[in-house]
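As structure tokens, the structure follows; a few thoughts come after it.
Numbering of ligands and ligand atoms starts at 1, following listing order.
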Amino acid sequence: MTFDIDMIKKVYERYPEKVAAARAVVGKPLTLSEKILYTHLWEGNATQAYERGNSYVDFAPDRVAMQDATAQMALLQFMQAGKSKVAVPSTAHADHLIQARVGAEADLQEGINKNSEVFNFLSSVCDKYGIGFWKPGAGIIHQVVLENYAFPGGMMIGTDSHTVNAGGLGMVAIGVGGADAVDVMAGMAWELKMPKLIGVKLTGKLNGWTSAKDVILKVAGILTVKGGTGCIVEYFGEGAQNLSATGKGTICNMGAEIGATTSTFGYDDSMRRYLAATGRQDVVDAADAIAEHLTGDAEVYANPEQYFDQVIEINLDELAPHLNGPFTPDLATPVSEFRAKAEANGWPLDVEWALIGSCTNSSYEDLSRAASIVEDAVAKGVKPKAILGINPGSEQVKFTAERDGFLNSFRKFDSARIFTNACGPCIGQWDREGAEKGEKNSIIHSFNRNFAKRADGNPNTHAFVASPEMVAAVAISGRLDFNPITDTLTNQNGEQIKLDEPKGFELPAKGFAVDDNGYQAPSEDGSSVKVVVNPDSDRLQLLEPFQPWDGQNITGAKVLIKAFGKCTTDHISMAGPWLKYRGHLDNISNNMLIGAVNAYNMETNKVKNALTGEYGEVPAVARAYKAAGVPTIVVGDQNYGEGSSREHAAMEPRHLGVRAVLVKSFARIHETNLKKQGMLGLTFVDPEEYDKIREDDTVNFLDLDQFAPNRPLQLEFVHSDGTKDIILANHTYNEQQIGWFKAGSALNLIAEEARN
Ligand code: MIC
Ligand code: SF4
């Protein structure tokens with residue numbers, strides 16, 4: 001047994017009382033999101049109502065999940081916290097470090113060989129501190145969490161932005177940086193600004209070629225990549241009840257792509273079916289006893305405008321399949337309009353690779369529906385044009401899909417490749433032949449993110465996001481503009497055929513099965529377990545605490561880079577080949593901001609070193625300033641740090657001497673990560689002042705010595721011609737967070753408390 005029914009029962013036991021306390025302070029009917037938030041207050045029963053979008057609140061999450069690429073840093077930090085065991089049930093999952101190349105078995109073995117040092121480290125730290133470890137090949141963190149740990153009405157945090165996937169089982173599950181996970185594992189409160197609430201009312205029922213993925217592709221088109229910032233998206237209505245639990249997971253998963261804090265659905269029959277099928281009838285029984293509290297109040301859903309900050313309505317009967325992209329997940333195009341738009345924009349229409357999988361879309365239902373398209377095409381004598389790559393979400397899904405013949409359906413195409421149950425191409429762990437040539441091309445996948453270079457490292461790969469069934473159809477036709485609803489294909493006999501609509505199975509009729517699920521339980525008493533970090537390793541490095549603030553205004557700083565336009569965490573700390581340095585801060589810092597476009601020359605990884613007047617690579621120039629004792633700042637555009645939860649994007653600049661990041665706006669997780677690492681994350685009071693900052697400026701803080709909540713800071717930019725601009729910068733630091741800045745990092749404070 002890997003999940004903890006006793007913990008769940010304990011949470012449910014006090015639910016009715018806590019919901020009642022929340023109702024009393026809020027004074028009106030409650031949304032599901034509010035019920036979950038207020039039942040997880042650190043202080044116990046609610047004694048006051050919190051202001052959405054404004055109040056900082058301390059929460060007590062039920063669980064923590066981490067994946068290998070972020071767990072290394074999270075656990076290196078946890079090791080400094082001075083605790084002998086984690087305070088809440090926690091797991092780590094080895095899924096990001098395995099590269100997709102030839103196929104599941106060989107790739108897995110190669111992944112284990114190449115990463116054994118890191119996997120051994122993770123396995124021993126988990127063993128020592130009471131953390132469950134899911135070994136390489138066990139599956140992708142979010143699929144494994146959904147299958148084993150997620151439960152209606154629960155709250156969890158995870159060191160991965162797609163932790164939100166667990167909303168498919170009615171949780172509030174939130175992606176965070178490793179330092180936040182350390183707080184919770186160390187038995188401390190976890191802080192979040194009370195989110196605003198967006199209600200999405202779903203009516204009707206999916207039909208034909210449309211799938212749950214299209215709901216979120218459509219929502220992303222409406223809200224854009226920053227429309228969900230600071231919000232929980234709550235789905236409701238009869239349309240919601242008509243979706244499977246894994247389909248709900250897909251929708252919640254991509255809530256990360258609209259910047260949402262998380263997304264969730266009320267407890268319903270689809271969740272009962274999924275929990276029972278995954279061996280958790282006891283969770284169903286426990287949840288049924290308090291079912292009324294595990295969904296929003298009827299009055300809320302009847303008059304959503306009165307209770308949510310924003311309401312969107314989508315009719316599933318009319319929803320069309322979408323393709324979103326390229327380069328951003330919110331560029332949504334219904335399939336019927338795709339051809340014209342692609343031609344107008346010069347997007348390549350031929351597709352060489354089509355990929356199904358990732359944490360977003362790798363459920364049993366997804367694989368079965370995509371397989372039905374392939375079976376139909378084979379039966380009708382059509383040969384596929386593109387190569388189809390499949391990453392099953394977990395060993396359980398893979399084992400069951402194999403047993404039920406779906407993987408064989410894919411294998412009927414010579415071009416199909418079944419990869420390891422891991423992230424693979426979704427995170428650039430893909431050895432795509434020829435990618436280095438940098439040719440302009442298109443791919444289609446069922447993943448969530450499609451930022452430039454993400455899948456294969458080629459900046460000219462146009463990646464489009466769609467449902468698994470649409471990916472299968474495009475793979476068969478070899479054309480992005482193929483509309484399976486209206487278009488025909490030519491088969492081997494020269495006949496025109498149409499593909500049938502996808503058919504699939506929400507859950508396996510014979511139940512799920514698995515031989516070895518890949519789980520390793522921790523030792524009861526881990527005190528004698530040794531954790532080895534070789535001082536000469538290039539993969540792992542013990543952390544040195546960051547220096548506390550000296551109490552002085554930062555003066556004489558230089559602008560390391562003014563990032564132009566989109567600057568995601570992939571631009572700040574690229575993944576793919578760099579994933580291997582995720583446990584070694586100094587080595588990974590060599591990728592700092594190498595993907596960001598320098599606004600002064602519109603080039604990447606080429607910035608001016610004011611000390612020499614020469615141009616160099618961003619990490620090298622940063623190291624030169626650091627060596628010379630010159631502080632630096634980074635300037636950025638809107639939604640800076642969008643995407644991943646990787647705290648490396650905050651730790652690297654901290655390590656290389658950047659003191660402040662001044663931007664038009666931040667993505668939530670990244671802003672928190674900066675604060676946790678003792679950096680200054682600031683926003684322009686007037687975003688237009690971004691234009692005033694020049695390449696050769698010298699920057700002086702004028703009143704950092706009076707750093708206080710709700711009080712903007714003044715920064716003086718002295719231009720090389722002797723003129724100056726004083727720029728006002730907002731911040732969202734509260735007292736406690738100012739404490740982190742002063743101590744040098746949040747972790748320095750925890751370690752200090754553990755010592756006292
Ligand atoms: C991603 O999808 O970008 C990742 C890789 O899963 C990240 C975590 C990471 O950078 O390790 C995420 O989304 O948080
Ligand atoms: Fe892995 Fe991709 Fe999901 Fe991130 S988005 S957890 S890389 S599958």
(request) State yes or no: are the ring centers of Phe406 and Tyr364 separated by less than 6.0 Å? (result) yes
(request) Taking the six-membered ring for Trp and the single ring otherwise, decide whether the centroids of Phe451 and Phe327 are under 6.0 Å apart. (result) no
(request) List the closest protein heavy-atom neighbour of atom 4 (Fe) of ligand 2: residue, atom name, distance to the nearest 0.1 Å. (result) His96 NE2, 3.7 Å
(message) At less than 4.0 angstrom from any atom of ligand 1, which residues have a non-hydrogen atom? List them by chain and residue number.
(response) Gln67, Ala69, Thr70, His96, Asp160, Ser161, His162, Ile427, Arg449, Arg454, Arg582, Ser644, Ser645, Arg646
(request) Pull up every protein N/O/S atom sitting under 2.8 Å from atom 3 (Fe) of ligand 2, skipping waters. (result) Cys359 SG
(request) May I ask you to list the atoms of ligand 2 that are less than 4.0 angstrom from any heavy atom of Arg454? (result) 2 (Fe), 5 (S), 7 (S)
(message) Apply side chain to side chain donor-acceptor pair (under 3.5 Å) to residues His96 and Gln67 and explain how you reach the verdict.
(response) CA-CA 7 Å; His96 280 62; Gln67 42 87 344; 3.3 Å; yes
(request) Count the heavy atoms of every other residue, nucleotide or ligand shown that sit under 6.0 Å from CD of Glu433, and state whether that count exceeds 12. (result) no
(request) Check the pair Lys676, Ser745 against side chain to side chain donor-acceptor pair (under 3.5 Å), reporting the backbone distance first and the verdict last. (result) CA-CA 6 Å; Lys676 287 251 144 147; Ser745 72; over 6 Å; no
(request) Might you point out which heavy atoms bring Arg101 and Arg417 nearest each other, and give the distance in Å? (result) O-NH1, 3.6 Å
So, taking the atom named [atom1] in [X] and the one named [atom2] in [Y], what distance separates them when rounded to the nearest 0.5 Å?
X      : Y      : atom1 : atom2 : result
Gln72  : Leu540 : CD    : CG    : 6.0 Å
Lys675 : Thr732 : NZ    : OG1   : 2.5 Å
Ile443 : Trp430 : CD1   : CH2   : 4.5 Å
Leu243 : Ser211 : CG    : OG    : 9.5 Å

